[in-house]
Amino acid sequence: VSFVAPKGMLEFFKGVPHGKGDGTQFATQFDKYYLCLLVGLDKRRLGQVADLENDEFVRAYPQDFAAQAEMIAGLLIDAELDRQAIGTSDRESIQQVMLRLLDHNSPTGLSEVGSQLLNQYSAGGLALLRDALPSPQSLPDFLYAYVQIWHPGA
Amino acid sequence: VDVKIRGWRCQNLRGGLRNLSVDLGRDPARWTLVQMPNGTGKTTTMQLFAAVMTSRDWTTEDVQALRPSAEVTSGSFELQVLVGNDPFSLGVEFDFDAGVAAYTTTRVRAEGGGKESGILLPDPLRIMLTPDFARLVVFDGELARQIRDLKRNEATLAIRRLYRLELLDTLSEVARRQGELAKRRIQASQAETQKGIRRRQTMHDEAEAVLGELLLRADDLEKKQERLAIDKLRLEGLINTRVSTNAGRGKLLEQRRELVRTATDEIRSESQRLLERLRTPAAIHERVLERLRALGGKLDQLKLPQTMSREFFFELAERDACVCGRPIGPLEHDTILERAPQYLAENQIAIINAMKSAVRTATAEPEEIKRLAEAINAADRRRRGASEAVQALVDAAASEGDAAIAEARSELAVIAGQMNAINLDLLALKGPPPPGAEPWRKSIRAAQDELAQRKRALEDATDTRRLALQTEWFTSVLDRTRKQAEIRLTEEIRKRTNLKLKRLIPSEALQVSRIDGALILASEDGRERAGVSEGQSLAVAYAFLTSLFEAASYRLPFVVDSPAVSLDVMVRREVATLVPDLFHQMVMFVISSEREGFADAFYAREGTKFITIWRDETGTVNQSKDLQFFKDFHTDTESDPESVGVRP
């Protein structure tokens, strides 16, 4: 599976294209996916499989994110332990969650199940962003508003 | 390499095998006759020979059949062989209570050595000694008859087994199965014909052309956009000049424009910086970093991931014994393999450890992130203010009745409209694919996807077709190879058999005319030969078997059970004269009634060893290596109630 965009992500970000990565545009589509994902993971908001596009938009982490693969896997494990209400001392269940989510053979280090869940968290994050913000007209507008979501009243 | 039997040892087995050790010496004799009365375990010994040479499986019933009495809980058999100059001791140990058998090998090695689990003969020998093949080495006379039996195809099977021709059949079968899969793929993709491939090529070319057109159109629009931007600059410059006719206003305008530029640059660079920071998940908020740290701490506390990886257990399952020394049998092997996936793989462990170490060095940067966001916001406010101030200056100049400014402004409005339209067109071309049918005709991204898909379909069709053709070719080569190999080997073995027969039975001119399942004999005139004595028939079978083994890289000993028991005295003499020279080591198990005509033919042969094994009234097993004793040995009981046998 790897990375599948939430349905409506490109539509929401249509005022902010990707490609240049020069402060006026996102560098890649993954930037948009990731910023949604962070919100979804933080708020433990898991979207539906039906909220996802049919095809992956990229198979592996883009260069900008390659060093973050383990952190993202860690956040996913953390969110899943929380969502499944697994106790902090339940060694067996924690190990099972890691077994289910990680796969050393995939380019992302995540299993099919892990990738699918990550995509669903991104979809959950997009839903939250859509509720909180109007469709952004420029990258600076969006980034400013995005930081306000994380640090209200900043 | 010669393989020779040096001796064998039985411990606590049923029949005459309670406690028996037969030593053929460091340099075993070429011929050994072992005289054992019926019921002392002759057949069982032969079957144990075959078992340790081929590591065949044992059923509980087979094991129980060897149990001498209820109070005995274990027994063993050991065959000592020389492979070249290297001694090997091949053993099987029986646990009668559990009904299981375990193989062992004792060998001399540079490192380790000693008793090891399993039969550990050198690889080429081990691969050669399949259970089917053991019939050719440990031989019960029945096979010799079957080799000549026209209703059977034992001779051809023996050739196939020795030269492993069935491997070519297996390979061919695998290739055929793969080919079948490829065929199904072709049918599924309906590209079974050249026509199908052509259709896919056309579809591919169409998508390629559409994509090319869309890219050209986008390029065109971008060029127009650039021209309009230049026009815009020119008009703004014009307005600038007109506004600047008033020196004070001109300076102000320049300052305000400069403010707009610097604010815009600042927004851009701070946005870039902020986006870069945001790409590190832990930086965005203390909460995120705390959660990652808590997870790392939790894993440390629970000692996760364990140091034992899944790979460790995969490797362990393939060993003969566990690290604690307990043997790993098929059940343990399967259980370990079944449970291994409950452990993390090495790379999964690496991912988690990398995560833990990344978390240790990560920092949250909420203040920096808030600062950057605020900087963007402040710069944006400055930019808006400066823009409005510029506009105010232009408005002031226009209101003083400067027609050129008014004209330039109306032109600028037109340009803004055109630029808007171009932006919309470009967005449609380069933005997300539109809904509706065939979005790939309108959107570059959709066209790229469509082209990639059609390209894959085309490659798939051409590749599958190529694969199907290659499979067909490959299996036909394999089939031909197997047939040719079988024909050539059979012919070679037939010729060698005939050379031996010429030497063995010069008076009869007995020849094998063809090997077609069985050996078919002909006389000199080439006609099929019917009247062949049983002795001759056996000699033919033996000549065939030895010819078969000649080309193999290992010369094996030949162990035979009661070779003469069913033959009349005349035939026995013939066999005893003809056969022995064919083998480099023969171990013949005989009963006393085979002495006449068969065993006695060996009395004068140099290098023959005679062993008699019997059980006295007390049940003790005795052994004599004296020829006279062998000759005189007499027993009343040719059939013993304790006689046991197991099927190999």
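Every chain is numbered from 1, with letters handed out A, B, ... down the list of sequences.
- Of all the heavy atoms in B/Q342 and A/Q95, the pair that sits closest is O-NE2, 3.0 Å.
- Comparing B/I352, B/I349, B/I267, B/D449 by heavy-atom pairs within less than 4.5 Å of chain A, the highest count is held by B/I352.
- To the nearest 0.5 Å, atoms CD (A/E70) and CG (B/L292) are separated by 11.5 Å.
- In this structure, the separation between OH on A/Y144 and CD1 on B/I376 is 10.0 Å, given to the nearest 0.5 Å.
- The contact between B/P366 and chain A is made by backbone and side chain atoms together, counting heavy-atom distances below 4.5 Å.
- Two residues are said to be in side-chain contact when any heavy atoms from C-beta on lie closer than 4.5 Å; B/P281 and A/I72 meet this criterion.
- Of the atoms belonging to A/A79, not a single heavy atom falls under 4.5 Å from chain B.
- Side-chain contact between A/Y146 and B/I284 is present, with heavy atoms from C-beta onward closer than 4.5 Å.
- Heavy atoms closer than 4.5 Å to chain A are found in the side chain of B/L299, but not in its backbone.
- Per-residue heavy-atom pair counts under 4.5 Å with chain A were compared for B/M355, B/Q301, B/R279, B/Q348, and the maximum is reached by B/R279.
- Contacts of A/P140 with chain B are made by both backbone and side-chain atoms, with heavy-atom separations under 4.5 Å.
- Interatomic distance, CZ of B/R445 versus CD of A/Q29, reported as 6.0 Å (0.5 Å rounding).
- Of the possible polar contacts, one joining the A/R91 side chain to the B/L302 backbone as a donor-acceptor pair under 3.5 Å is found.
- Contact of B/R310 with chain A is made through the side chain alone, with heavy-atom distances under 4.5 Å.
- Note: A/D42 leads A/L81, A/D78, A/D42, A/D82 in heavy-atom pairs under 4.5 Å with chain B.
- Other residues, nucleotides and ligands place no more than 12 heavy atoms under 6.0 Å from the NZ atom of B/K455.
- The 12-atom threshold is not exceeded at CZ of B/R339, counting heavy atoms of other residues, nucleotides or ligands nearer than 6.0 Å.
- In this structure, A/L143 CG and B/R273 CZ are separated by 13.5 Å, a value rounded to the nearest 0.5 Å.
- With a 4.5 Å cut-off on non-hydrogen atoms, A/L41 touches chain B through its backbone but not through its side chain.
- Of the inter-residue distances, the one linking B/K298 atom NZ with A/T88 atom OG1 reads 6.0 Å to the nearest 0.5 angstrom.
- Taken to the nearest 0.5 Å, the CG atom of B/L344 stands 5.0 Å off from the CE atom of A/M98.
- In this structure, chain A has heavy atoms under 4.5 Å from both the backbone and the side chain of B/I351.
- Both the backbone and the side chain of B/T280 come within contact range of chain A, each with at least one heavy atom under 4.5 Å from a heavy atom of that chain.
- Classification of the B/H285-A/H151 ring pair by plane angle, with boundaries at 30° and 60°, yields parallel.
- Residues A/T24 and B/Q272 form no side-chain contact, since every pair of their non-hydrogen atoms from C-beta on lies 4.5 Å or further apart.
- Few gaps surround CD on B/E318; more than 12 heavy atoms of other groups in view lie less than 6.0 Å from it.
- Contacts between A/Q96 and chain B at a heavy-atom distance below 4.5 Å involve the side chain alone, from C-beta outward.
- Chain B forms more heavy-atom pairs under 4.5 Å with one residue of A/I94, A/D22, A/L38 than with any other, namely A/D22.
- For B/L295, the part sitting under 4.5 Å from any heavy atom of chain A is the side chain, from C-beta outward, and nothing else.
- Within the 4.5 angstrom heavy-atom criterion, no atom of A/F142 approaches chain B.
- Across every non-hydrogen atom of B/L278 and A/Y34, the tightest pair is O-OH, 2.7 Å.
- Heavy-atom neighbours of A/F30 CZ from other residues, nucleotides or ligands within 6.0 Å: above the threshold of 12.
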